[in-house]
Protein chains: 2
Amino acid sequence: MVFKIGLLGLGTVGTGTVEILLNPEGRHPLLSELSLHRVGVRSLSKPRSVNIPEYLLTTDLEEIVIDPAVDIVVELIGGLEPARSLILQAIENGKHVVTANKAVISRYGSEIFDAANEKGVYVLLEAAVGGGIPVIQPLKQSLGANRIHKVTGIINGTTNYILTRMKNEGADFADVLADAQRLGYAEADPTADIDGLDAGDKIAILASLAFAGRIKLEQVYCEGIRKVTATDITYAEKLGFVIKLLAIAARDPHATPEQDLLSVRVHPTLVPKVHPLASINDVYNAILVEGEPIGQVMFFGRGAGSGPTASAVVSDILNIVAVLQMQEAEIVSPVVTHELMSCTHQHYCKIAPMEDLITRFYVRFLTKDSPGVIGNIGTCFGKHNVSLESIVQTGFQENLAEIVVVTHDVLEGNFHQALNEIKSLDSIDSIPSILRVL
Amino acid sequence: MVFKIGLLGLGTVGTGTVEILLNPEGRHPLLSELSLHRVGVRSLSKPRSVNIPEYLLTTDLEEIVIDPAVDIVVELIGGLEPARSLILQAIENGKHVVTANKAVISRYGSEIFDAANEKGVYVLLEAAVGGGIPVIQPLKQSLGANRIHKVTGIINGTTNYILTRMKNEGADFADVLADAQRLGYAEADPTADIDGLDAGDKIAILASLAFAGRIKLEQVYCEGIRKVTATDITYAEKLGFVIKLLAIAARDPHATPEQDLLSVRVHPTLVPKVHPLASINDVYNAILVEGEPIGQVMFFGRGAGSGPTASAVVSDILNIVAVLQMQEAEIVSPVVTHELMSCTHQHYCKIAPMEDLITRFYVRFLTKDSPGVIGNIGTCFGKHNVSLESIVQTGFQENLAEIVVVTHDVLEGNFHQALNEIKSLDSIDSIPSILRVL
């Protein structure tokens with residue numbers, strides 16, 4: 001029995017996927033049970049780097065998702081529409097779906113998985129997070145015995161590349177971004193990456209798997225790296241930290257079991273140099289999972305690119321084929337799906353508001369060098385129960401004294417109340433940086 | 001339908017496994033489809049840290065593997081016999097098997113998987129390599145789309161702990177080993193760990209999965225860390241390396257496709273500090289997989305211990321249950337097994353002899369300080385086509401000059417021929433260290 005693939009999209013990842021499917025030698029033998037049946041493209045005449053028989057191509061993507069011969073639809077067009085509608089239509093027509101589309105899954109996952117569960121088909125998305133790094137399947141299968149406490153990831157290659165270069169070169173954000181755009185490491189419109197929205201989509205997906213509940217994307221706090229400065233990177237270095245854009249999903253250790261509160265967030269973070277994520281540089285991604293009884297386990301690799309992402313797409317296809325092959329052999333229609341491959345949870349996770357987060361902060365003030373300013377800052381923090389680890393005058397900038405404060409674990413709400421009060425002090429000129437500390 | 005577990009062994013990992021099975025809340029819901037049916041132990045009266053109903057315990061392990069009620073036998077007694085016989089008997093009786101026993105799988109894998117394939121049952125072994133780190137399942141499933149080129153692992157926690165301490169403390173092997181034994185990080189008889197045999201078992205298993213062929217364990221080259229000295233760690237540091245016990249399985253890039261030669265080996269290795277494996281310290285394990293098109297992907301975590309290893313054991317159980325559940329629903333006997341969960345390859349991989357390996361070397365000589373000794377060494381290497389990157393007189397030790405040589409990539413056979421000739425030179429006192437360089 002050969003299973004037929006309908007591929008939507010022949011961009012970077014689509015091309016990488018076709019290259020694997022057309023060159024199965026030396027890969028898993030199950031690839032020989034697959035055939036590329038139809039490929040949906042935007043333009044038939046565009047020159048391609050892969051050699052696809054012309055009769056496979058079509059610009060009518062809907063034709064593919066309703067084609068009775070197609071077993072598995074692979075959605076690689078990206079974006080919200082028509083991706084969402086095509087996925088839903090494919091499911092409606094009994095197709096299994098493989099997608100690399102984090103945006104569509106993080107926004108419409110509920111609708112998509114409800115439809116898939118009703119139809120008894122699989123929707124797999126290993127390629128949506130971390131490129132080729134196996135992390136979706138481990139969370140669904142290999143780590144299933146654990147109570148997951150926390151998932152912490154560097155899951156946006158563009159921002160990690162920029163932060164790595166800022167650190168290595170002492171350069172400022174705007175300069176490195178411009179250069180990254182020139183080199184193709186950042187897009188012309190870099191918003192989704194730079195402002196943490198791409199990482200937000202991805203951590204919503206990881207949180208949903210790790211904590212077995214749905215996540216409302218609008219409850220995910222996203223703060224990007226635009227405000228990270230060379231100055232802060234230097235101070236962080238002196239304090240024993242590197243600055244990384246972390247995506248974090250964690251069960252609130254202070255919540256009662258009935259509350260079962262999560263925090264799900266993306267923000268630039270001071271990471272201790274000895275932490276496993278501190279040495280993940282350039283475009284590499286890594287996802288650290290912590291749970292009981294496994295402790296820490298980390299997955300590392302290239303988070304993007306044609307080859308790695310295609311590897312994840314094809315592994316999903318193989319997983320579906322392995323299960324279909326079993327069911328075919330039984331010659332009966334499946335009544336039960338493979339429970340580790342499905343996403344059947346329907347409740348929504350409760351996400352705690354950011355002001356309830358307990359975290360450490362790094363904050364940099366520029367102050368008029370009036371006597372007593374350190375005392376005033378310290379007093380304000382103290383009044384709001386914000387306990388400080390250190391408060392140091394680090395130097396001068398244009399007649400203003402620079403003061404760097406690092407707090408202990410504090411309630412974020414308290415911290416901001418204190419900060420509001422400090423802002424109103426006469427001696428405070430500005431607060432250029434507020435960063436969380438891992 | 002509840003699936004029944006017959007557990008063999010209630011040591012560290014067995015206890016961790018029972019703790020998960022008896023406390024399913026907050027873990028994968030599929031755990032509720034499991035029940036602990038029988039537990040085989042050596043002594044019924046031994047005090048236990050887990051609260052198991054007494055009627056589940058038995059000292060008759062054979063009774064468990066032939067019990068018609070048992071669906072899955074979990075073998076955690078370790079060692080070769082009776083583990084091998086019990087596994088085979090379980091298979092013969094139609095049970096699926098989960099094991100953490102690298103020694104039995106690396107030696108008797110062929111026999112065990114032949115029997116399992118004939119009976120249509122699964123033998124899963126995630127816990128046999130890397131503790132809780134998911135690496136077996138990724139190699140079988142998530143990375144299936146790739147042509148794997150190389151698997152490089154730090155997969156023995158004891159030796160990594162010893163090498164890390166030697167580096168941090170500048171201490172000698174024997175002292176650190178003694179202390180590690182005192183602290184329980186090394187066993188009273190440390191041979192299996194220290195001499196690379198444990199890592200050899202594990203890399204044989206990883207190679208078999210990565211390269212889809214069986215491995216004859218006696219063809220795996222194993223060299224341990226007994227000869228690594230504080231002096232070499234210091235020189236390595238100066239040259240930009242750390243010394244790690246690496247287990248490596250690689251496709252020979254110089255072999256023709258028809259030859260399809262592998263090298264599978266364990267030896268202390270100079271690893272460049274910038275390499276992802278260089279920063280894996282203490283008892284942590286990591287496995288780096290390289291392939292096309294994924295590039296590099298690395299898995300990191302605790303390589304041993306009750307909790308992590310039990311996490312892997314239970315994930316294997318869950319994987320089997322998910323598949324059994326599908327088959328149960330069909331109410332027909334399975335005729336086809338899940339192809340990504342089985343090990344069906346039957347041919348043996350061809351392993352190249354070590355003298356055909358192409359690698360870099362680090363070698364340290366003690367020489368009588370006679371004029372021209374550097375020239376003599378260089379000439380001998382040159383004569384045997386061993387091209388040198390550097391040859392440096394590093395100092396004196398008790399009237400002997402110390403000379404450190406680092407080669408380019410050379411044929412191991414040529415290197416040893418040259419070394420034999422150099423040994424016979426009058427000016428050479430001894431060759432304290434020969435290490436390979438990554």
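In the text below, chain A, chain B and the rest are named by the order of the sequence lines, each starting its count at 1.
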Could you measure the distance from the [atom1] atom of [X] to the [atom2] atom of [Y]? Nearest 0.5 Å is fine.
X: B:Arg27; Y: A:Glu292; atom1: CZ; atom2: CD; result: 4.0 Å
X: B:Ile294; Y: A:Ile20; atom1: CD1; atom2: CD1; result: 9.0 Å
X: A:Gln141; Y: B:Gln137; atom1: CD; atom2: CD; result: 4.5 Å

For a 4.5 angstrom cut-off between non-hydrogen side-chain atoms, does [X] reach [Y]?
X: B:Phe299; Y: A:Phe299; answer: yes
X: A:Leu143; Y: B:His28; answer: no
X: B:Glu25; Y: A:Arg147; answer: yes

Structural part of A:Glu339 lying under 4.5 Å from a heavy atom of chain B: both
Greatest number of heavy atom pairs closer than 4.5 Å to chain B - which of A:Ala322, A:Gly301, A:Gly295: A:Ala322
Pick from A:Ala286, A:Ser142, A:Gly26, A:Pro138 with the largest number of heavy-atom pairs that fall under 4.5 Å of chain B: A:Ser142
Side chain from CB out, backbone as N, CA, C, O: work out which of these in [X] comes under 4.5 Å of a heavy atom of chain A, or both, or neither.
X: B:Phe211; answer: neither
X: B:Leu318; answer: both
X: B:Asn23; answer: both

Within 6.0 angstrom of B:Tyr161 OH, more than 12 heavy atoms from elsewhere: yes
Heavy-atom pair count under 4.5 Å with chain A, highest-scoring of B:Thr309, B:Val314, B:Asn146: B:Asn146
Residue selection (most heavy-atom pairs with chain A, distance under 4.5 Å) from B:Pro24, B:Gly291, B:Ser306, B:Gly132: B:Gly132
Where [X] and [Y] come nearest, the two heavy atoms and their spacing:
X: B:Ser315; Y: A:Ala145; answer: N-CB, 4.3 Å
X: A:Val297; Y: B:Ile133; answer: CG2-CA, 4.1 Å
X: A:Asn319; Y: B:His338; answer: O-NE2, 4.5 Å

